[in-house]
2 protein chains.
Amino acid sequence: MTAPHAEVWERLSRAQQRYTAGRRALVELLHKAGRPVGIVELLDASSRLPQSSIYRNLVVLEQVGAVTRYPGAGGSAHYELSEELVGHHDHLVCSNCGRMEDYDVPPELEGDLHAAMDAIAARKGFKPTGHRLQLTGRCARCT
Amino acid sequence: MTAPHAEVWERLSRAQQRYTAGRRALVELLHKAGRPVGIVELLDASSRLPQSSIYRNLVVLEQVGAVTRYPGAGGSAHYELSEELVGHHDHLVCSNCGRMEDYDVPPELEGDLHAAMDAIAARKGFKPTGHRLQLTGRCARCT
DNA sequence: CTCCGTGCAAACTTTTTGCAACGGG
DNA sequence: CCCGTTGCAAAAAGTTTGCACGGAG
């Protein structure tokens, strides 16, 4: 669990943007969460930042590839440090409360997936950027 | 491509709801689309129904398991006939325009996925209801 | 006759934007 | 100083709800 600050800082610099306290706080929070965090949690976790700043900073962080946005799940969007920072993994999504959790699938399955995805993409004229395998169900809390 | 009306009708009946013209139109449209359709398209495709009716009917259809809602993708939700009606498949999602398309993965891969998902679910305390494997990228139109 | 569904408008939630002020480089 | 960033408030986008009317069973 090495702090991603250096990488984020570099990405922001490259885009001529600053790594301000607010942004650092968001990255910190996402890093500690280790799963996609809903906007609501972000809002009241960092209550010192107005929501507009949070949204704006998340947009910036997304643009430089530091965070990934997952729309929908449970009404509002969730955010997580990007795969480029924390590596590829997939998500459990609770259909009841919208909570998301990380998990990993066996590497060889991941390989098969990748291959299948490429084949499909080629056939459909898609230019693939990645895949998302989410397991839907009820999380332990909602059982 | 057999019309799903009978099945939808039965599900609505069981819930003591009617299969009205508006609902039929929505099901028809979704059936013809063969892919998750964005709310916007639904709205101006069936301009004779006010948006509130469309939303309400989609809620009902979702509750009886006739349609599935995919939140997010491209800002607004997308809807598709449920897997119980049209069988399991996965989706391509264009990260540029939000368009979704259906596709199928090889059955044996689907089997491996299912097995892996069950294992994960057990380990995480999830009660799984299904999985979604989406390929993200740029669709042919947005290239 | 009785409900369920409809239509319209208004409310609500989530996300984005305008603009003036602030502050680090 | 300059320009990116902040804070506040207002607006836009997406979705839900209240209520009276109309139509199917």
Side-chain angles (χ1 to χ4, degrees), chain A residues 5 8-28 36-64 66-79 97-100, chain B residues 5 8-29 36-64 66-79 95 97-100:
Chain A
H5 293 304
V8 175
W9 178 83
E10 179 168 347
R11 284 168 177 268
L12 286 170
S13 303
R14 233 177 283 148
Q16 325 215 4
Q17 309 240 334
R18 300 177 195 148
Y19 198 18
T20 60
R23 291 172 186 180
R24 196 173 294 259
L26 286 173
V27 169
E28 197 86 45
V37 181
I39 270 284
V40 187
E41 299 171 67
L42 286 177
L43 286 177
D44 47 45
S46 42
S47 55
R48 25 178 320 142
L49 298 197
Q51 62 163 214
S52 63
S53 289
I54 294 186
Y55 275 107
R56 274 196 276 230
N57 284 331
L58 286 172
V59 169
V60 171
L61 289 169
E62 191 184 10
Q63 283 173 342
V64 302
V67 311
T68 304
R69 172 187 172 140
Y70 298 98
S76 62
H78 286 53
Y79 292 85
C97 69
R99 181 186 173 86
M100 299 178 80
Chain B
H5 292 304
V8 174
W9 178 82
E10 180 167 346
R11 284 168 177 268
L12 286 170
S13 303
R14 233 178 284 147
Q16 325 214 3
Q17 308 245 338
R18 299 176 195 148
Y19 198 18
T20 60
R23 291 171 187 181
R24 198 173 293 259
L26 286 173
V27 169
E28 197 85 46
L29 203 161
V37 181
I39 270 284
V40 187
E41 299 170 68
L42 286 177
L43 286 175
D44 47 44
S46 42
S47 53
R48 29 184 316 227
L49 298 195
Q51 62 163 212
S52 63
S53 290
I54 295 186
Y55 276 109
R56 274 195 277 231
N57 284 331
L58 287 171
V59 169
V60 171
L61 289 169
E62 191 185 11
Q63 282 173 341
V64 302
V67 312
T68 303
R69 173 187 172 142
Y70 299 99
S76 62
H78 285 54
Y79 292 86
S95 44
C97 69
R99 181 185 173 86
M100 299 177 79

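Below, all heavy atoms of this structure are taken into account, side chains as well, without hydrogens, waters or symmetry copies. The shown structure was predicted, so the numbers you read here are calculated from the model rather than taken from an experiment. The chains referred to below are lettered A, B, ... by the order of the sequence lines, with proteins before strands, and numbering in each begins at 1.
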**OP:** Check whether any side-chain nitrogen or oxygen of B:S53 sits under 4.0 Å from OP1 or OP2 of C:dG7, and answer yes or no.
**Re:** yes
Original post:
Could you give the CG-to-P distance, from B:L58 to C:dG5, as a whole number of Å?
Top reply: 14 Å
Subject >> Side chains of B:L26 and B:Y79 in contact at under 4.5 Å (non-hydrogen atoms) >> reply: no
Original post:
Roughly how many Å is it from CG in B:L12 to C1' in D:dA24, rounded to a whole number?
Top reply: 15 Å
Detail all sub-3.5 Å separations between protein N/O atoms and N/O atoms belonging to nucleotides 16-21 of chain C.
| unit_1 | atom_1 | unit_2 | atom_2 | d |
| --- | --- | --- | --- | --- |
| C:dG18 | O6 | A:R56 | NH1 | 3.2 |
| C:dG18 | O6 | A:R56 | NH2 | 3.1 |

Original post:
Given side chains that start at C-beta, do those of B:L49 and B:L42 come closer than 4.5 Å, heavy atoms only?
Top reply: no
**OP:** Report the distance from atom CG of A:N57 to atom P of D:dT5, rounded to the nearest whole Å.
**Re:** 8 Å
**OP:** Please state how far atom CD in A:Q63 lies from atom P in D:dT5, giving the value in whole angstrom units.
**Re:** 11 Å
Original post:
Just how far, in rounded Å, is C1' of D:dG14 from CD1 of B:I54?
Top reply: 14 Å
Original post:
Any side-chain N or O of A:R23 less than 4.0 Å from the OP1 or OP2 oxygen of D:dT5?
Top reply: yes
Original post:
At their closest point, which heavy atom of A:V60 faces which heavy atom of A:Q17, and how far apart are they?
Top reply: CG1-OE1, 3.0 Å
Original post:
Taking atom C1' of C:dT6 as reference, at what distance in whole Å does atom CZ of B:R24 sit?
Top reply: 17 Å
Original post:
When the distance from CG of B:D44 to P of D:dG14 is rounded to whole Å, what number comes out?
Top reply: 12 Å
Original post:
Would you call B:H5 and B:V27 a side-chain contact if the rule is heavy atoms closer than 4.5 Å?
Top reply: yes
Original post:
Above 12 or not: heavy atoms from other molecules or residues under 6.0 Å from CZ of A:R14?
Top reply: yes
**OP:** Provide, to the nearest angstrom, the distance between the CG atom belonging to A:L42 and the P atom belonging to C:dT15.
**Re:** 11 Å
Original post:
What's the shortest heavy-atom distance between A:P36 and A:M100, and which atoms?
Top reply: CB-SD, 3.7 Å
Original post:
Quick one: is A:Q16 getting a side-chain N or O under 4.0 Å of the D:dG4 phosphate, OP1 or OP2?
Top reply: no
Original post:
Between D:dG4, C:dT14, C:dC4, which nucleotide has the shortest distance from any of its atoms to the side chain of A:R18?
Top reply: D:dG4
Original post:
Counting side-chain heavy atoms from CB outward, which of D:dG14, C:dG5, C:dG7 is closest to B:Q17?
Top reply: C:dG5
Original post:
Hey, does the side chain of A:R23 reach the backbone of A:N57 with a donor-acceptor pair shorter than 3.5 angstrom?
Top reply: no
